[in-house]
Amino acid sequence: MEKNLNFEKIINRNGTNCLKYDFKSERNRPEDVLPLWVADMDFQTSSYVIEALIKTSKHGIFGYSEAKDEYFEAVSKWMKVHHDWTIKKEWLVKTPGVVFALAIAIKAFSKRGDSILIQEPVYYPFSEVIRNNDRVVVSNDLFLGSDGKYHVNFKDFEEKIKKNNVKLFILCSPHNPVGRVWTKDELVKMGDICLKYGVLVVSDEIHNDFAFDKKHIIFSSIKKEYENNSIICTSPSKTFNIASMLISNIFISNKKNRIKFQKEYEATGMSQLSIFGIIATQVAYEKGEIWYEAMIDYIKENILFTKEFVKKNLPNVSVIDSEGTYLLWLDFRKTGLEMEKLDKKIIFDAKLWLDSGKIFGKSGIGFQRINVACPRAVLKKALNNISEAMKNC
Ligand SMILES: Cc1ncc(COP(=O)(O)O)c(C=O)c1O
């Protein structure tokens with residue numbers, strides 16, 4: 001029986017080596033801030049996963065390990081049931097993380113000095129991993145529509161590709177931080193332009209299990225041509241809160257591309273992954289359904305709670321309409337506060353550790369990202385703190 005269904009329980013994460021709570025001074029934050037930044041959850045994962053990891057620990061021999069057929073079957077079933085996506089075993093390449101896979105794809109499919117397309121404001125490691133590999137960031141900035149949601153400027157998308165001779169596009173789907181779950185029409189528009197100009201699509205779908213009112217569509221499942229022209233990055237890490245297990249499932253159906261990717265991967269010297277990641281993934285996908293469904297319901301309520309709170313108490317702040325992920329994008333531009341002042345207000349007056357909008361690209365100026373995957377009492381306190389700090393703004 002699933003035992004971890006109480007998401008209201010506040011679990012002390014201090015002193016557990018966790019990035020979110022334990023590295024305040026190292027990251028120039030005061031000791032008294034409440035952290036709602038990095039994308040992990042303050043919930044314990046499924047009790048089935050914990051029990052399986054205890055069993056593995058107790059065995060006490062931690063030699064080299066690999067995934068058996070049951071691993072693939074568990075992943076495959078999850079993808080079929082949740083995303084109506086049929087995968088083949090030979091497509092799968094397991095890597096120690098999605099950002100690691102992005103770096104490998106950048107190295108395998110572009111050269112130094114090449115331009116790579118992203119859509120800012122976006123998860124900041126996209127630009128970091130591009131620049132760290134001596135490639136050039138080109139952004140097709142998303143724009144905020146009158147419907148309160150972000151949209152793609154397709155004309156600019158095509159022009160940026162043409163002008164900069166882009167060969168690689170890193171799609172964030174669902175999009176962190178703006179919370180969009182892309183429609184089929186949007187994906188097709190982007191996908192067709194990429195086909196037209198020979199741009200390979202690296203689709204980061206790590207948040208694919210967090211689509212709330214509409215279905216997430218796996219990019220490569222739309223058309224055979226997209227299947228041949230994409231790398232789909234998935235992971236159980238967000239879904240089951242197991243990021244430190246360092247495992248992700250990357251799907252490359254195009255054999256030539258897969259071989260290229262694998263060659264670059266092997267060049268890193270990395271071979272087998274940790275037994276803990278393999279076990280956690282398999283068990284999560286096999287037995288984590290009940291935990292997952294309950295967690296999603298709780299997150300949905302937290303999102304609703306945040307929207308209502310902000311509407312009632314923060315007249316100059318708005319929550320960008322979110323269709324997916326547990327990260328909310330807060331618009332503070334109406335307060336008129338400059339970015340540095342806003343950041344300071346959040347840290348020193350509201351006593352919160354959020355992610356400043358500026359790290360997501362220039363178009364993130366005036367925004368903050370808040371992670372609502374925490375017990376409601378914690379979220380309530382964080383929102384109250386913002387409301388107090390913003391009294392005169
Ligand atoms: C869009 C996106 N991609 C990748 C990651 C991180 O993936 P990993 O820890 O597997 O490198 C995150 C984490 O927040 C994310 O939001």
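Note that this is a predicted model, so its numbers are computed, not measured. Note that ligands are numbered from 1 as they come in the structure, with each ligand's atoms numbered from 1 the same way.
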Please output the side-chain donor-acceptor pairs of residues 306-315 that fall under 3.5 Å, not counting sequence neighbours, one pair per line with the distance.
residue	atom	partner	partner atom	Å
T306	OG1	N302	O	2.7
K307	NZ	D321	OD1	3.1
N313	ND2	F309	O	2.9

Proximal protein residues to ligand 1, non-hydrogen atoms under 4.0 angstrom: A39, G97, V98, V99, Y123, C172, N176, D204, I206, H207, K238

Side chain to side chain contact (heavy atoms under 4.5 Å, CB included) partners for Q272, two or more places apart: Y64, E66

Counterpart residues, ring pair (Phe, Tyr, Trp, His ring centres under 6.0 Å), relative to Y71 (two or more places apart): none

Electrostatic pair K80:D84 at N-O distance under 4.0 angstrom: yes

Salt-bridge contact D349-K344 (side-chain N to carboxylate O under 4.0 Å): no

Under 3.5 Å side-chain donor-acceptor pair for N176 and R369: yes

